[in-house]
There are 2 protein chains.
Amino acid sequence: MRRNLTVYDIAAEAGVSVATVSRVLNNNDKVAENTRYKIQSIIDKYDFKPNEVARSLFKNETKLIGCILPDITNPYYSTVLLEAEKYALMNGYTMMICNTRGDSDNYAMYLQTLVERQVTGIIYMGGESVETMQLHQLLKKYEDRLPIVMINWSMQDINCFCVQSDEEQGFLMLLDQIAKEGYRDVALLAGKRGVMPTELKVSLYQEAVRKGIFNEREEYLIDGEFSVEYGMKAMKQLLSLPVRPEVVIGINDIIAVGILNACHMHKLSVPEDIKIVGFDNINLSSVVYPSITTIGHDYENLARKAVDLIIDKTALVKRERIFTFPMEYICRESF
Amino acid sequence: MRRNLTVYDIAAEAGVSVATVSRVLNNNDKVAENTRYKIQSIIDKYDFKPNEVARSLFKNETKLIGCILPDITNPYYSTVLLEAEKYALMNGYTMMICNTRGDSDNYAMYLQTLVERQVTGIIYMGGESVETMQLHQLLKKYEDRLPIVMINWSMQDINCFCVQSDEEQGFLMLLDQIAKEGYRDVALLAGKRGVMPTELKVSLYQEAVRKGIFNEREEYLIDGEFSVEYGMKAMKQLLSLPVRPEVVIGINDIIAVGILNACHMHKLSVPEDIKIVGFDNINLSSVVYPSITTIGHDYENLARKAVDLIIDKTALVKRERIFTFPMEYICRESF
DNA sequence: TTGTAAGCGTTATCAA
DNA sequence: TTGATAACGCTTACAA
């Protein structure tokens with residue numbers, strides 16, 4: 001429980017000044033070879049490591065990245081975080097994590113905390129649609145002060161960085177694959193309405209119906225929330241219809257798993273009796289049987305870009321704010 | 001992009017000294033009501049927040065908790081982390097996360113980094129059996145200097161805190177439930193041998209066989225690794241046996257999902273044709289169909305205890321090092 | 001090549 | 001009740 005060593009202790013034992021110790025520590029400045037050797041061996045002897053907090057204070061740079069997200073338990077977020085952390089590590093940065101857990105007050109509170117802790121930048125992943133006034137004000141206040149990167153999220157009127165998947169391209173690719181195989185009775189379980197990603201996909205689906213690519217059946221579009229339970233329930237509803245769909249799209253993989261569960265329950269074989277596709281390519285979709293065909297984010301590049309924007313000190317003064325990455329069709333067993 | 005405000009700026013504008021500003025900030029010391037008001041209104045005006053790094057340096061206390069774990073994408077770890085973070089937040093602590101991603105060198109490196117960053121304490125969750133010499137040395141070096149809490153993990157010869165589930169009680173409870181229902185042909189897919197949790201469960205299973213509670217069939221104990229793929233493969237092997245087991249135990253839920261997949265593939269109904277149980281109660285086990293009966297950790301209390309040990313400055317000088325929490329039988333559809 | 005000293009932004013001690 | 005000042009542990013001008 002003894003006090004930590006400091007550069008003063010090392011300097012004293014080596015009979016030099018702290019400045020010289022610091023020079024050895026950062027081996028940038030010129031130090032005589034034998035002085036360096038003497039100091040280095042004392043450093044090694046005690047395995048001395050400089051206090052990063054003091055360093056951060058002096059340099060006004062913590063090499064800390066804060067990450068605000070709804071729930072790390074959700075594989076979509078944990079995959080992004082894993083990739084971000086991997087890349088941050090390579091660059092000497094450490095990640096701090098903040099789970100808002102669906103409480104919209106937490107967003108503002110965490111944002112505040114991270115700024116007070118002088119993080120270099122913040123990765124922000126929204127999930128709920130609720131935006132408090134306070135959050136909005138804080139983002140406005142900080143948007144020019146430190147890099148805030150929203151991944152697959154954006155907010156009206158806020159000029160933060162935005163790193164996103166091209167969900168339009170991704171979803172169109174999915175509809176295309178379905179159309180290409182000649183299916184016309186296609187249902188969409190849309191989850192929670194009113195948030196941007198849902199509305200985008202719903203309108204693309206409706207456009208396909210309007211264009212006559214899919215048959216028009218109002219009962220084939222069901223909304224609710226983003227959960228396995230909802231997927232099961234809505235799927236049961238579809239299965240009780242006089243004309244069953246040939247393909248059911250879960251607007252995300254979580255819902256697709258619910259759809260799959262309902263099929264198992266009704267002893268339907270997938271993909272023989274009915275086909276299922278999802279969206280997001282969370283690891284869950286590859287783990288169930290049959291594995292789910294889906295559209296995948298480029299998790300690695302999304303995360304790397306976000307970290308890059310935080311690390312690169314010149315990013316804030318550049319004009320570019322939005323970075324879009326293509327999505328990928330991942331063919332598995334369910335379609 | 002302008003410089004952050006400091007207590008000096010506030011003091012200057014209020015015409016007082018920084019000491020008084022600091023007193024208002026921490027409202028402990030006595031400050032005249034009208035001085036306080038004047039200062040507070042300037043603080044409010046700029047929404048001034050003190051620099052936490054400077055605070056940490058002075059107080060020699062960062063209120064940071066580091067968490068080292070194999071892979072946040074694994075729901076077991078993310079659930080613990082979620083609970084820990086929730087409780088840390090309530091106490092003004094922030095979590096840092098370090099994914100070792102199966103690279104045993106990373107454990108030592110992250111441990112080092114966290115200590116340099118002066119975290120208040122470290123939560124450590126191992127996963128691989130590989131322990132480097134270096135890691136062992138570092139743990140020995142730091143075990144008395146700051147609280148290091150291992151959750152469901154321990155290391156020979158290391159005197160860190162150990163917060164654990166009573167896996168013996170949990171697994172016995174599982175075997176009991178199976179025996180109580182009168183099943184005697186019970187298989188165990190054991191995953192990776194050689195690590196403590198596996199060996200414990202295998203020996204409890206073997207003891208049940210020796211006692212004649214379960215029938216002795218060597219082919220019913222298969223080892224491999226902790227993955228869905230292994231679970232499927234091993235289950236297929238079981239299904240090709242002349243006498244199929246009535247119940248198959250996955251040593252964890254991941255493997256149990258693989259077992260379930262193999263059943264779906266073979267068009268077997270669960271639990272009608274064959275029963276499945278898992279272990280850990282990760283969220284995955286409740287999401288598949290049929291949902292998997294399992295033994296659950298007390299995630300909340302494990303995490304809270306770990307955080308408590310870090311927060312409580314007196315814990316290190318106390319003698320108690322091991323804290324055990326009972327596990328829970330969670331009855332679902334697969335058994 | 002090395003040392004002295006100032007400064008990073010706080011808080012706490014001591015004196016006024 | 002308030003202010004001056006040292007201290008936390010480091011780095012970097014600047015001087016020697």
Side-chain angles (χ1 to χ4, degrees), chain A residues 2-40 42-43 46-64 92 113 115-120 145-146, chain B residues 2-40 42-43 46-64 92 113 115-120 145-146:
Chain A
R2 69 201 166 293
R3 193 181 61 82
N4 270 317
L5 287 179
T6 73
V7 282
Y8 285 90
D9 301 307
I10 305 296
E13 183 158 341
V16 297
S17 78
V18 290
T20 310
V21 174
S22 178
R23 285 183 190 112
V24 172
L25 246 20
N26 299 283
N27 60 317
N28 35 16
D29 238 328
K30 310 238 163 292
V31 177
E33 208 31 71
N34 57 338
T35 327
R36 153 163 279 124
Y37 179 80
K38 187 172 56 183
I39 295 174
Q40 188 61 55
I42 296 173
I43 289 175
Y46 295 112
D47 192 28
F48 168 75
K49 304 286 179 199
N51 180 325
E52 275 300 330
V53 174
R55 263 191 174 157
S56 296
L57 179 60
F58 180 85
K59 297 212 173 161
N60 194 24
E61 154 66 328
T62 53
K63 286 194 171 267
L64 243 29
T113 305
V115 172
E116 285 168 33
R117 285 188 179 279
Q118 314 289 122
V119 295
T120 305
R145 217 190 281 180
L146 81 171
Chain B
R2 68 202 167 294
R3 195 180 60 82
N4 269 317
L5 287 178
T6 73
V7 281
Y8 284 91
D9 302 307
I10 305 296
E13 182 158 342
V16 296
S17 78
V18 290
T20 310
V21 175
S22 178
R23 285 191 264 260
V24 172
L25 245 20
N26 300 283
N27 60 319
N28 36 16
D29 238 328
K30 310 240 163 287
V31 178
E33 209 30 72
N34 55 339
T35 329
R36 152 163 281 124
Y37 179 82
K38 188 171 54 185
I39 295 173
Q40 187 62 54
I42 296 173
I43 290 174
Y46 296 111
D47 192 28
F48 168 76
K49 304 285 178 201
N51 180 325
E52 275 299 330
V53 174
R55 264 193 175 156
S56 296
L57 178 61
F58 182 84
K59 297 212 171 162
N60 194 23
E61 156 64 334
T62 55
K63 288 196 171 264
L64 243 28
T113 304
V115 173
E116 286 168 33
R117 284 189 179 280
Q118 314 290 120
V119 296
T120 306
R145 217 190 281 181
L146 82 170

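Partners of B/E13 according to the side chain to side chain contact (heavy atoms under 4.5 Å, CB included) rule, which considers only residues two or more places apart in sequence or in another chain, are B/I42, B/K45, B/Y46. Taking B/T62 as the reference, nothing meets the side chain to side chain donor-acceptor pair (under 3.5 Å) condition, with sequence neighbours excluded. The side chain to side chain contact (heavy atoms under 4.5 Å, CB included) test applied to B/Y8 returns B/T6, B/V18, not counting sequence neighbours. Listed by chain and number, the residues in a side chain to side chain donor-acceptor pair (under 3.5 Å) with A/Y37 amount to none (sequence neighbours excluded). The side chain to side chain donor-acceptor pair (under 3.5 Å) check on B/S22 picks up B/N26, with sequence neighbours excluded. The side chain to side chain donor-acceptor pair (under 3.5 Å) test applied to A/Q40 returns A/D44, not counting sequence neighbours. B/R117 meets the salt bridge (Lys or Arg N to Asp or Glu O under 4.0 Å) test with no other residue; sequence neighbours excluded. Residues forming a salt bridge (Lys or Arg N to Asp or Glu O under 4.0 Å) with A/E116 (at least two apart in sequence, or on another chain): none. Under the salt bridge (Lys or Arg N to Asp or Glu O under 4.0 Å) criterion, A/K49 pairs with A/D47, not counting sequence neighbours.
Using a 4.0 Å heavy-atom cutoff across all strands shown, A/A19 reaches at least one base atom of the nucleic acid.
Looking at B/E52 and A/T113, their side chains never come closer than 4.5 Å, going by heavy atoms from C-beta outward.
Along DNA chain D, the nucleotide nearest to B/Y8 and the one nearest to B/K59 differ in position, and the one closer to the 5' end is contacted by B/Y8.
One distance of note links CG of B/L25 with CD1 of B/I10; it measures 8.5 Å at 0.5 Å rounding.
Within the helix from C/dT1-D/dA16 to C/dA16-D/dT1, the inter-axis angle between the opening and closing five-pair segments is 50°, rounded to 10°.
As rounded to whole Å, 14 Å separates atom P of C/dC8 from atom CG of B/L5. The separation between B/I10 atom CD1 and D/dT2 atom P is 17 Å, rounded to whole Å.
An OP1 or OP2 oxygen of D/dT11 is reached within less than 4.0 angstrom by a side-chain nitrogen or oxygen of A/N26. Phosphate proximity of D/dT2 to B/T35: present, with a side-chain N or O under 4.0 Å from OP1 or OP2. The phosphate of D/dT11 has OP1 or OP2 within less than 4.0 Å of a side-chain N or O from A/S22. For the OP1/OP2 pair of D/dT2 and a distance below 4.0 Å, the side-chain nitrogens and oxygens of B/S17 include no atom meeting the criterion.
Within residues 48-58 of chain B, the residues that have a heavy atom under 4.0 Å from DNA chain C are, in order of number, B/F48, B/P50, B/N51, B/A54, B/R55, B/F58.
The side chain of B/T6 lies closest to C/dT10 when the candidates are C/dT1, C/dT10, D/dT2.
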Could you pull out the protein-nucleic contacts involving nucleotides 14-16 of chain C (nitrogen or oxygen on both sides, under 3.5 Å)?
none

